Amino acid sequence: MQRVKALIKVRHSFQTLRFLSHQRCFSAQPNYAPYNDFQDQVLVEGRAKSRAAILNRPFALNSLTTSMASRLKKLYESWEENPDIGFVIMKGNGRAFCSGVDAVALYHLLNEGKVEDCKRFFETLYKFVYLQGTYLKPHVAILDGITMGCGGGISLPGMFHLVTDKSVFAHPEAQLGFHPDSGASFYLSRLPGYLGECLALTGEKLNGVEMIACGLATHYCLNARLSWVEECLGNMMNDDPTVIESSLAQYGDLVYPDRSSILHRIETIDKCFCHDTIEEIIDSLENEAAGAYDDWCRTVLRKMKEASPLSLKVTLRSIREGRFQSLDQCLAREYRMSLAAISKQVSNDFSEVWSFLLHRKHFQNNSSCEFKSSCFNRVSGPG
């Protein structure tokens with residue numbers, strides 16, 4: 001009860017922030033919008049003591065749209081106040097949890113001059129991330145498969161994050177003319193050493209074991225056991241976080257990063273990414289690559305040199321500022337940054353990158369899912 005009162009007090013204090021200022025309307029019954037096809041993009045499963053939200057755009061690797069973010073927000077608000085619901089689960093349908101923002105849709109909206117629709121998307125998304133970060137009930141995010149960009153923002157602020165041997169995590173926004181958003185400057189800046197800067201600037205991937213090791217995930221289990229975990233959660237009648245935690249842990253495995261893991265390069269990462277400017281970071285990586293003949297350093301250098309210089313500089317500053325800010329402060333700042341990025345007043349990098357990607361003949365013949373996978377592999381490299 002003390003935690004509930006404290007969170008409610010904190011939420012009221014944020015009413016002074018125009019971006020996050022909104023009325024929280026609760027009811028015991030879900031406040032659904034009139035039914036339409038968009039509701040199929042977020043499915044709901046009713047359990048004994050819980051509800052599960054299932055991202056359901058497998059053809060696009062569950063990339064997030066405005067309607068999906070809006071539906072998630074409405075569902076979570078209604079579930080939070082429903083006394084029959086003890087905890088909430090989120091997962092993705094198919095081989096991805098969430099591959100991030102539907103950047104293709106945003107690109108087309110910008111080309112059509114619908115900037116206000118883009119603003120509405122970011123406002124809806126960030127309000128849901130804020131809701132997730134202050135949620136009053138236990139939350140279990142099952143990050144099985146690709147989790148990229150805002151896929152982290154809609155899941156990591158919650159209480160429990162379950163990863164598997166199929167999990168892949170990355171923030172490739174700087175390579176795509178944007179910046180890591182949806183609260184990324186909050187949770188990336190709190191990773192060990194300067195790992196957050198490295199992930200944000202290079203788009204390097206982490207697997208499930210590495211996510212556990214660096215603190216991005218709370219639990220790990222093999223994908224083959226995931227159905228057992230979900231069955232256990234579905235049958236639970238207790239919403240005590242300690243009971244949920246032990247239920248997740250009983251299917252876990254004791255795992256360690258392998259020798260090729262980026263986490264074994266933490267000293268090099270700290271040495272190179274501790275600097276104050278992008279130019280100094282690149283110089284440090286070049287010196288390291290030349291002195292140690294390190295292929296990893298050369299790969300990272302290539303990625304950074306192919307990225308938008310402005311996106312790199314904005315991203316570095318965002319992570320550094322996020323280290324000393326609360327989640328709501330990070331979200332408010334990232335919202336302003338995102339609007340500046342899509343307004344084309346400062347730079348046209350986002351639109352130029354996606355125009356290039358969309359007009360490449362290789363991508364024009366691919367399905368949405370294959371297109372997303374191609375972009376993911378392009379910015380993240382082999383892994």
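Treat the numbers as computed from the prediction; the structure is a model and nothing was measured.
Here the options are Gln325, Arg333, Lys313, the test is side chain to side chain donor-acceptor pair (under 3.5 Å), and the partner is Ser318; only Arg333 passes. If you run side chain to side chain contact (heavy atoms under 4.5 Å, CB included) between Phe273 and each of Ile319, Leu199, Val300, only Val300 comes through.
A 6.0 Å sphere centred on CZ of Arg47 holds more than 12 heavy atoms belonging to other residues, nucleotides or ligands.
Thr65 and Asp102 form no side-chain donor-acceptor contact under 3.5 Å, judged by distance and modelled atom types alone. Using a 3.5 Å distance cut-off with no hydrogens or angles, the side chains of Glu173 and Ser311 do not pair a donor with an acceptor.
Between atom CD of residue Glu197 and atom CD1 of residue Ile278 there is a gap of 9.5 Å, rounded to the nearest 0.5 Å. Between the CZ atom of Arg323 and the CG atom of Leu188 there is a distance of 10.0 Å, given to the nearest 0.5 Å.
With hydrogens and angles ignored, the 3.5 Å screen pairs no side-chain donor or acceptor of Asn62 with any backbone N or O of Gly92. Judged by distance alone, with hydrogens and angles left aside, the side-chain atoms of Ser284 form no donor-acceptor pair with the main-chain N or O of Ile281 at under 3.5 Å. A side-chain donor-acceptor contact under 3.5 Å links Glu280 to the backbone of Thr277.
For residues 236-257, no pair satisfies ring-ring contact (aromatic ring centres under 6.0 Å, His included), with sequence neighbours left out. Residue pairs that meet the ring-ring contact (aromatic ring centres under 6.0 Å, His included) test with at least one member in residues 191-226, sequence neighbours left out, are Phe160-His219.
For Tyr76 and Phe128, the ring centers sit closer than 6.0 Å to each other.
At a threshold of 4.5 Å between non-hydrogen side-chain atoms, the residues Leu316 and Leu201 count as touching.
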